Amino acid sequence: QVQLVESGGGLVQTGDSLRVSCVVSGRTSRDNAVGWFRQASGKDREFIAATGWIGDSTFYADSMKGRFTISKDNGKNTVYLQIDSLKPEDTAKYYCASSHIGITPYKYEYDSWGQGTQVTVSS
């Protein structure tokens, strides 16, 4: 069973940068892509970006372009999300998830989820 563990969240200030990590273990050939989502208190879980394990393809939600960068290290089975110029509105729990479908923005097309890592941005 694929397992995903996020880390790197914390309390930061407006304007800071932060990189959160997603370590994926137990991955099989069915686990084609990893996506990043976030969920603020009282809000729906929203898609940020996704990348596949093969090749360098990435996909970003329009609202996430610019300040968010997804990357990966295949050798470390790790997917990263770099967040620049953090704003209080970025405060949320950030989740990574694995998809059998591929690079997709739809949360229902992801099969396994990590526990999330909290990012809190103070103003």
Side-chain angles (χ1 to χ4, degrees):
Q1 301 284 356
V2 64
Q3 182 178 341
L4 305 98
V5 179
E6 303 94 334
S7 64
L11 177 62
V12 296
Q13 293 182 277
T14 298
D16 284 353
S17 294
L18 191 69
R19 188 177 73 165
V20 291
S21 301
C22 174
V23 177
V24 182
S25 60
R27 183 168 61 89
T28 72
S29 61
R30 293 195 68 199
D31 303 306
N32 294 307
V34 172
W36 279 100
F37 294 76
R38 70 181 184 184
Q39 187 167 25
S41 180
K43 301 292 182 65
D44 291 335
R45 192 166 298 187
E46 63 178 339
F47 173 75
I48 301 170
T51 188
W53 288 109
I54 301 174
D56 297 314
S57 296
T58 59
F59 179 75
Y60 295 84
D62 283 342
S63 62
M64 303 297 176
K65 292 179 179 178
R67 297 190 299 112
F68 294 81
T69 305
I70 190 169
S71 62
K72 64 178 181 179
D73 186 329
N74 287 56
K76 295 181 179 179
N77 287 309
T78 302
V79 180
Y80 305 96
L81 181 70
Q82 175 77 25
I83 315 170
D84 296 318
S85 301
L86 279 155
K87 304 175 181 180
E89 306 94 276
D90 297 321
T91 295
K93 198 165 190 178
Y94 285 72
Y95 297 87
C96 61
S98 179
S99 175
H100 295 167
I101 300 299
I103 298 172
T104 174
Y106 306 112
K107 52 181 176 287
Y108 51 83
E109 292 188 331
Y110 287 83
D111 310 287
S112 301
W113 296 80
Q115 83 290 341
T117 185
Q118 179 69 36
V119 174
T120 302
V121 186
S122 63
S123 60

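What you see is a predicted model, and the numbers here were worked out from it, not measured in a lab.
Residues Thr91 and Ala40 share a closest heavy-atom pair of O-CB, 3.6 Å. The two residues Asp84 and Ser17 have their closest heavy-atom pair at OD1-OG, 2.9 Å. Counting all heavy atoms, side chain and backbone alike, Gly9 lies closest to Thr117 at N-OG1, 3.1 Å. Of all heavy-atom pairs between Ser21 and Thr78, the closest is CB-CG2, 4.2 Å. Here the shortest heavy-atom pairing between Gln115 and Lys93 reads O-CE, 3.1 Å. Of all the heavy atoms in Gly26 and Asp31, the pair that sits closest is O-OD2, 4.2 Å.
Note that the OG atom of Ser29 and the CD1 atom of Ile54 stand 9.0 Å from one another [nearest 0.5 Å]. With values rounded to the nearest 0.5 angstrom, Lys72 atom NZ is found 13.0 Å from Cys22 atom SG. Note that CD1 of Ile101 is 8.5 Å distant from CZ of Arg30, once rounded to the nearest 0.5 Å. A distance of 9.5 Å separates CG in Asp16 from OG in Ser85, rounded to the nearest 0.5 Å. Note that CD of Gln1 and OG of Ser25 are 11.0 Å apart. Values are rounded to the nearest 0.5 Å. Separating the CZ atom in Arg38 from the CD atom in Glu89 is a distance of 8.5 Å, to the nearest 0.5 Å.
Under the 4.5 Å side-chain criterion, counting only non-hydrogen atoms from C-beta, Asn77 is in contact with Arg27. Between Val34 and Val24, some side-chain heavy-atom pair lies under the 4.5 Å cut-off. Between Ser112 and Leu4, some side-chain heavy-atom pair lies under the 4.5 Å cut-off. Contact check for Ile103 versus Thr58: no side-chain heavy atoms found under the 4.5 Å cut-off. Residues Phe59 and Thr51 form no side-chain contact, since every pair of their non-hydrogen atoms from C-beta on lies 4.5 Å or further apart.
Phe37 pairs by the ring pair (Phe, Tyr, Trp, His ring centres under 6.0 Å) definition with Phe47, Tyr110, Trp113, not counting sequence neighbours. Partners of Glu109 under the salt bridge (charged side-chain N to carboxylate O under 4.0 Å, His left out) rule, at least two apart in sequence or in another chain, do not exist in this structure. With sequence neighbours left out, Arg67 forms a salt bridge (charged side-chain N to carboxylate O under 4.0 Å, His left out) with Asp90.
Residues His100 and Asn32 have side chains that never bring a donor and an acceptor to within less than 3.5 angstrom of each other. In the model, Tyr80 has no side-chain atom that pairs as donor or acceptor with a side-chain atom of Arg19 under 3.5 Å.
Under the 4.5 Å side-chain heavy-atom criterion for Ile, Leu, Val, Met, Phe, Trp and Tyr, Trp36 and Phe68 are members of the same hydrophobic cluster. With hydrophobic clusters built from ILVMFWY side chains whose heavy atoms lie under 4.5 angstrom apart, Trp53 shares a cluster with Leu81.
A cation-pi arrangement is present between Arg45 and Tyr95, with the terminal nitrogen or guanidinium carbon under 6.0 Å from the aromatic centre and inside a 45° cone about the axis.
Of the possible donor and acceptor atoms, one in the side chain of Thr14 sits under 3.5 Å from a partner among the backbone N and O of Ser122.
Atom CG of Asp56 has 12 or fewer neighbouring heavy atoms from other residues, nucleotides or ligands inside a 6.0 Å radius.
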Determine, step by step, whether Leu18 and Val119 satisfy the side-chain contact (heavy atoms from CB on, under 4.5 Å) criterion, reporting the C-alpha distance in whole Å, the side-chain angles of both residues, the deciding distance to 0.1 Å, and the verdict.
CA-CA 9 Å; Leu18 191 69; Val119 174; 3.8 Å; yes
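Each of Met64, Gln39, Lys107 was compared with Glu46 under the side-chain contact (heavy atoms from CB on, under 4.5 Å) criterion, and only Met64 meets it.
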